[in-house]
Amino acid sequence: MPELPEVEVVRRGLADHVQGRRVVRVDVFHPRSVRRHVAGDLDFAGRLVGHTVGGVRRRGKYLWLELDDAAPGSDALLGHLGMSGQLLLQDESAPDPVHLRVRVVFADGGPELRFVDQRTFGGLSVDELVGADAADSGETVPRAVAHIARDPLDPAFDVEATVSAMRRKRTGLKRALLDQTLVSGIGNIYADEALWRARLHGARPTAGLTRAAARRVLAAAAEVMTEALGQGGTSFDTLYVNVNGQSGYFDRSLAVYGQADRPCPRCGTAVLRESFMNRSSYFCPSCQPRPRRPHP
DNA sequence: AGACTGACCTGAACGC
DNA sequence: TGCGTTCAGGTCAGTC
């Protein structure tokens, strides 16, 4: 399940291996994988061919390859891995993976960029770059990413503004952590881990949080994702760009996620699993007591 | 306007 | 053995 650290691992791998390369051919094998490109797969391919990959950027779980340059109005190849997406660099002689959805071929004859996605929740599109925020920083993001908040590892991430925005919400803390327009990059796994580190229950109403508690959980999220990145980063020295986290090492370090009935690493109490938003939440009932007035 | 739900998708694991 | 059910969960259109 790619969340911020996994996407960042991919970004680094791509930056090392596709920057400066010119696209000569694009094959789209599954229309759903380019559904965000409303002009269709032919237009998608046409906007890539002939262009050279510039910088490789990321915000939250979104990743994009600047085409030619980063100026507003220029195009970028935007990608989201969804649940099962992978961006692989593979030699043209390597057999096509079963779930190969899009192939990008480069002029130098080197390894192809292959978008592989079993469940097709992810996707690619070509999107125009726009100014990142009102301030004239010169930073640009694809139009489709403009509504996504900065993530906790972004140097320009504003903790105090995020704390204020969080406390203005009328929702539960875990919902808020998963809200990509409030703070991006956090998914179900790192939300549970951050809540555990901050000793807070996900049903705590955001409006009732102290600023200190809100800061604590955001700091915990940044910390756990930084640690995961450190471990995920060990495996991308080859042309194979690992994306889905399956071969990452961080799962050994998870305190509560997926650890139902196992002892909490801090106090030994059995970790609980609960259903939440059609998925699962894991927490320690001792370290993270349910609030007296939980947000439903 | 903001909060929330359901739909999308495939394959593995499980129960009977 | 096989069939049906559940689970994994990121995002956004649609609803209230």
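Just so it is clear, the values below take in all heavy atoms, side chains as well, and ignore hydrogens, waters and symmetry mates. Model, not experiment: these values are computed from the prediction.
- At a cut-off of 3.5 Å, with distance as the only test, a side-chain donor of A:Asp91 or A:Ser93 sits close to an acceptor on the other residue.
- Considering only residues two or more places apart in sequence or on other chains, A:His201 meets the ring-ring contact (aromatic ring centres under 6.0 Å, His included) condition with A:Phe283.
- Judged as a side-chain contact (heavy atoms from CB on, under 4.5 Å), and not counting sequence neighbours, the contacts of A:Ala176 are A:Met166, A:Thr171, A:Leu182, A:Thr206.
- Set against B:dA3, B:dT10, C:dG10, the side chain of A:Asn188 has C:dG10 as its closest nucleotide.
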- request: Could you encode protein contacts along nucleotides 11-16 of chain C as a string, one character per nucleotide from 5' to 3', using B for base contact, S for sugar-phosphate-only contact and - for no contact, with a heavy-atom cut-off of under 4.0 Å?
  value: BS----

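- Listed by chain and number, the residues in a side-chain contact (heavy atoms from CB on, under 4.5 Å) with A:Ala156 are A:Arg150, A:Asp154 (sequence neighbours excluded).
- By the side chain to side chain donor-acceptor pair (under 3.5 Å) test, A:Asp158 pairs with no residue at all, sequence neighbours left out.
- Scanning for side chain to side chain donor-acceptor pair (under 3.5 Å) contacts around A:Arg35 gives an empty result, with sequence neighbours left out.
- Qualifying side chain to side chain donor-acceptor pair (under 3.5 Å) partners for A:Thr162, counting only residues two or more places apart in sequence or in other chains: none.
- Backbone-only engagement by A:Arg273 is indicated by non-hydrogen atom pairs under 4.0 Å involving sugar-phosphate atoms exclusively.
- Residue A:Ser280 places at least one side-chain N or O under 4.0 Å from the OP1 or OP2 atom of C:dA8.
- Distances shown here put every side-chain N or O of A:Ser84 at or beyond 4.0 Å from the OP1 or OP2 atom of B:dT10.
- With no hydrogens or angles considered, a side-chain donor-acceptor pair links A:Ser164 and A:Arg211 at under 3.5 Å.
- Under the rule for a side-chain contact (heavy atoms from CB on, under 4.5 Å), the partners of A:Glu223 that lie at least two apart in sequence or sit in another chain are A:Arg197, A:Glu227.
- Between the side chain of A:Arg175 and the base of B:dA3 there is no donor-acceptor pair of N/O atoms closer than 3.5 Å.
- Under the side-chain contact (heavy atoms from CB on, under 4.5 Å) criterion, A:Arg22 pairs with A:Val24, A:Thr52, A:Ala107, not counting sequence neighbours.
- The rotation axes computed at either terminus of the helix from B:dG2-C:dC16 to B:dC16-C:dG2 lie 50° apart, taking five pairs at each end and rounding to 10 degrees.
- DNA chain B is contacted by A:Arg32 of residues 26-34 of chain A, taking any non-hydrogen atom closer than 4.0 Å.
- Legend: residues meeting ring-ring contact (aromatic ring centres under 6.0 Å, His included) with A:Tyr282, ordered by chain and number and at least two apart, are A:Tyr257.
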